[in-house]
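Have a look at the structure below, then the notes.
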2 protein chains.
Amino acid sequence: MALTNPMPMGPWKLTVYEQENFQGRRLEFTSACPNIMECGYDNIRSLKVECGAWVGYEHSSFCGQQFVLERGDYPCWASWSGSNAYHIERMTSFRPVCSANHKESKIIVFEGENFIGRQWEICDDYPSLQAMGWHNNEIGSMQVQSGAWVCYQYPGYRGYQYIMECDRHDGEYKHYREWGSHAQTFQIQSLRRIQQ
Amino acid sequence: MALTNPMPMGPWKLTVYEQENFQGRRLEFTSACPNIMECGYDNIRSLKVECGAWVGYEHSSFCGQQFVLERGDYPCWASWSGSNAYHIERMTSFRPVCSANHKESKIIVFEGENFIGRQWEICDDYPSLQAMGWHNNEIGSMQVQSGAWVCYQYPGYRGYQYIMECDRHDGEYKHYREWGSHAQTFQIQSLRRIQQ
């Protein structure tokens with residue numbers, strides 16, 4: 001199975017497997033899948049990203065925990081989760097991500113929700129926001145001006161992942177409730193650009 | 001408790017806690033600790049890195065799983081592990097890491113063990129080695145020419161972590177057996193510089 005790709009950039013290609021270690025039935029995708037169960041799969045247990053950057057979701061219709069998926073092999077749930085905090089071994093939907101030219105990515109982070117308080121323009125990857133001067137372990141709101149970014153709960157790109165894109169929500173994420181249905185706090189301690 | 005720091009760079013400061021979420025007894029460190037049990041702790045369950053970059057180890061004397069620790073808050077084991085593959089919630093020893101000026105970090109990766117086969121000089125962070133042209137999901141050997149690096153089993157900085165430093169092993173890691181006692185394959189799919 002290979003769907004055509006409606007998106008301008010790309011191409012994208014992702015192969016999912018019903019079992020771990022690339023075993024069992026497989027399906028190839030070149031565009032978004034809102035519900036793998038409608039393809040006759042109860043779950044995805046391993047995958048290979050062959051082209052482009054993708055984001056996977058715990059639930060159907062792109063809801064629940066988010067997992068950034070860049071090119072490479074993912075033999076088990078742990079290989080894309082990176083979070084033990086809320087351990088549901090499930091990926092039900094996924095879609096391509098449009099990322100900008102790496103050097104043109106830009107995001108502005110704000111101390112408070114609704115784009116208030118101290119702000120800081122970021123154009124690079126930061127495994128520790130505090131190491132480069134951010135005053136605490138939280139970000140109140142964000143404006144993505146270019147590209148796609150992934151923010152993480154903990155330093156070193158660990159814990160819950162939040163995908164932020166300039167072409168979603170007009171790039172505006174003014175409260176953690178807009179980061180995703182799994183977000184429960186303002187805690188973000190590392191962030192980086194998503195590579196195509 | 002605060003030990004003096006014998007290392008030229010720094011300063012380094014890390015506070016460990018006996019319980020999760022920064023509860024229970026605490027100890028401050030500014031240099032290496034080869035065995036937390038000798039300080040009367042059975043384990044470390046949360047920590048805060050206040051200055052410098054550190055590496056934590058599963059076992060005493062800097063053995064077992066490795067965890068890069070950059071500035072920030074780590075409220076539980078999952079916040080520094082990032083790997084579910086081998087789930088032992090333990091950190092017994094840790095030490096500071098000397099990282100180069102970010103722009104001067106350099107590592108050469110080789111296709112085969114003992115520095116043979118295709119090679120490639122890396123001076124930047126790569127969440128996916130395959131996305132930028134590396135031919136498979138393995139690295140046979142590595143030479144760290146400057147700075148300190150962390151290599152990961154999976155794309156997007158996930159899975160087992162391997163800390164590679166120019167001032168250890170003469171910066172030469174010619175087989176996965178030299179990456180650490182937890183290394184069982186040549187699989188490396190992402191790597192990045194460690195920030196001070």
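The chains referred to below are lettered A, B, ... by the order of the sequence lines, with proteins before strands, and numbering in each begins at 1.
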Original post:
Considering only heavy atoms, which portion of B:Asn137 lies under 4.5 Å from any heavy atom of chain A: side chain, backbone, both, or neither?
Top reply: side chain
Original post:
Does atom CZ of B:Arg177 have more than 12 heavy-atom neighbours, drawn from other residues, nucleotides or ligands, at distances under 6.0 Å?
Top reply: no
**OP:** Determine the minimum heavy-atom distance between A:Gln130 and A:Asn136, stating which atoms define it.
**Re:** CG-O, 3.5 Å
Subject >> Option in A:Gly72, A:Gly156, A:Pro127, A:Ser128 with maximal non-hydrogen atom pairs under 4.5 Å from chain B >> reply: A:Pro127
**OP:** Please check if A:Trp179 and A:Ile108 belong to a single hydrophobic cluster, counting links between Ile, Leu, Val, Met, Phe, Trp and Tyr side chain heavy atoms closer than 4.5 Å.
**Re:** no
Original post:
Is it true that A:Arg192 and A:Glu70 make a salt bridge, defined as a side-chain N closer than 4.0 Å to a carboxylate O?
Top reply: yes
Original post:
Between B:Gln189, B:Arg158, B:Glu50, which has the largest tally of heavy atom pairs under 4.5 Å with chain A?
Top reply: B:Arg158
